[in-house]
Participant: 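Sharing a structure with you now.
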There are 2 protein chains.
Amino acid sequence: MSTTCIHPVKKQHIQALRDTMDVVNGKWKLVILATLLGRKFRFRELSREIGITPRVLAKELQELEMNRLVKRTVCDTRPITVEYEITPHSQTLTNVVDAMVEWGLLHHETVVGKKRVSVPAEAEG
Amino acid sequence: MSTTCIHPVKKQHIQALRDTMDVVNGKWKLVILATLLGRKFRFRELSREIGITPRVLAKELQELEMNRLVKRTVCDTRPITVEYEITPHSQTLTNVVDAMVEWGLLHHETVVGKKRVSVPAEAEG
DNA sequence: CTGTATCCCGTAAGATACTG
DNA sequence: CAGTATCTTACGGGATACAG
């Protein structure tokens, strides 16, 4: 199998790639979105789930909301709670998330070591 | 169409996602790989192509090489030149790159504005 | 040409405490 | 609980010059 020249990569595609990276930059946005793909979360709950400080989470969520990637809903409870969930538009990102998840698993086998593929099947909702 | 709970997202998947992001972090690695998907490049050539300084490019390429994502070949020319190309393993990243390219184009329409989709079809190899 | 060595800066992001 | 205000630090990454 040849290892070169599979894809016609155009300048325009590179730009689109940059656009995407600009939207999901940093170490948190995709993790947040992937988590919200499972279910909606409240602020504090989300903070604990993924281990991110409130300050950073607030900033990330604001940026995601600006890009229509999360929906923020204030619940009239006491005290007030806020729910965050994905949007129809963010669902179009599932391809990206899926691809990165799959590749992460594959890469683990390929580079990190052929030996440790079996993950202990940790607790899953 | 419901907007929630499409995907079963497991902790293990989130970890895989983080692994991938760890490998392709920063603003350059995916751009480099996407560029190399088109054809092999020499160092300086690649530097100019994507507008990255030598210092940063060298660092990125080294990290990519460590992860078996690029192959470095020293050519016995005068002066010496070095070629960089993708590897079989980096080709498994095409799904990620493709997904991000597609989403970048889609996002452009959805958020940036319904009006400006037509890119002037700039010069393409 | 292929890198490396310095220098420099903005910013992502953590710790912590506080307000509504 | 939801978020903000400070403070601080680490690091990504650019500019430039230099070395092999």
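Just so it is clear, the structure is predicted and the values come from calculations on it, not from any experiment. So that the names make sense, note that chain A is the first sequence line, chain B the second, and so on, each numbered from 1.
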Participant: Answer yes if the ring centres of B:H108 and B:W103 are under 6.0 angstrom apart, and no otherwise.
Facilitator: no

Participant: Does OP1 or OP2 of D:dG3 have a side-chain N or O of A:R72 closer than 4.0 Å?
Facilitator: yes

Participant: Please tell me if the side chains of B:Q15 and B:R18 come closer than 4.5 Å, counting only heavy atoms from C-beta onward.
Facilitator: yes

Participant: Using whole Å, what does the distance between atom C1' of nucleotide D:dG14 and atom CH2 of B:W28 come to?
Facilitator: 10 Å

Participant: In this structure, how many angstroms lie between the P atom of D:dA15 and the CG atom of B:L57, rounded?
Facilitator: 14 Å

Participant: Side-chain N or O of A:Q62 less than 4.0 angstrom from OP1 or OP2 on D:dA2?
Facilitator: no

Participant: How long is the line joining CD of B:E63 and C1' of D:dC11, in whole Å?
Facilitator: 12 Å

Participant: In terms of hydrophobic clusters joined by side-chain contacts under 4.5 Å, are A:L64 and A:V74 together?
Facilitator: yes

Participant: Under 4.0 angstrom, heavy atoms only, what part of the nucleic acid is A:R78 near: base, sugar-phosphate, or nothing?
Facilitator: nothing

Participant: Under 4.0 Å, counting only non-hydrogen atoms across every strand here, what does A:R42 touch: a base, just sugar-phosphate, or nothing?
Facilitator: sugar-phosphate

Participant: Rounded off to whole Å, could you give me the CE-to-P distance for the B:M21 and D:dG12 pair?
Facilitator: 14 Å

Participant: Between P on D:dT16 and CD1 on B:I52, what's the gap in Å once rounded to a whole number?
Facilitator: 16 Å

Participant: Going hydrophobic residue to hydrophobic residue with side-chain gaps under 4.5 angstrom, can you get from B:I80 over to B:Y84?
Facilitator: yes

Participant: Atom CZ of A:F41 and atom P of D:dG3: how far apart are they, to the nearest Å?
Facilitator: 15 Å

Participant: Please tell me if the side chains of A:L37 and A:L33 come closer than 4.5 Å, counting only heavy atoms from C-beta onward.
Facilitator: no

Participant: Which nucleotide sits closest to the side chain of A:R44: D:dA5, D:dT16, D:dA2?
Facilitator: D:dA2

Participant: Just the endpoints, please: which first and last nucleotides of DNA chain C, 5' to 3', lie under 4.0 Å from a heavy atom of chain B?
Facilitator: C:dC1 to C:dT6

Participant: Using a 4.5 Å cut-off on heavy atoms from C-beta on, say whether the side chain of A:R39 contacts that of A:E85.
Facilitator: no

Participant: Rounded to whole Å, how long is the line connecting atom CD of A:E65 with atom P of D:dA2?
Facilitator: 15 Å

Participant: Looking at A:E83 and A:R42, is there a salt bridge between them, counting it only when a charged N and a carboxylate O are closer than 4.0 Å?
Facilitator: no

Participant: A:R55 or A:P79: which one's nearest nucleotide on DNA chain D is closer to the 5' end?
Facilitator: A:P79

Participant: Please report, rounded to the nearest Å, how far the P atom of D:dA2 is from the CG atom of A:D76.
Facilitator: 14 Å

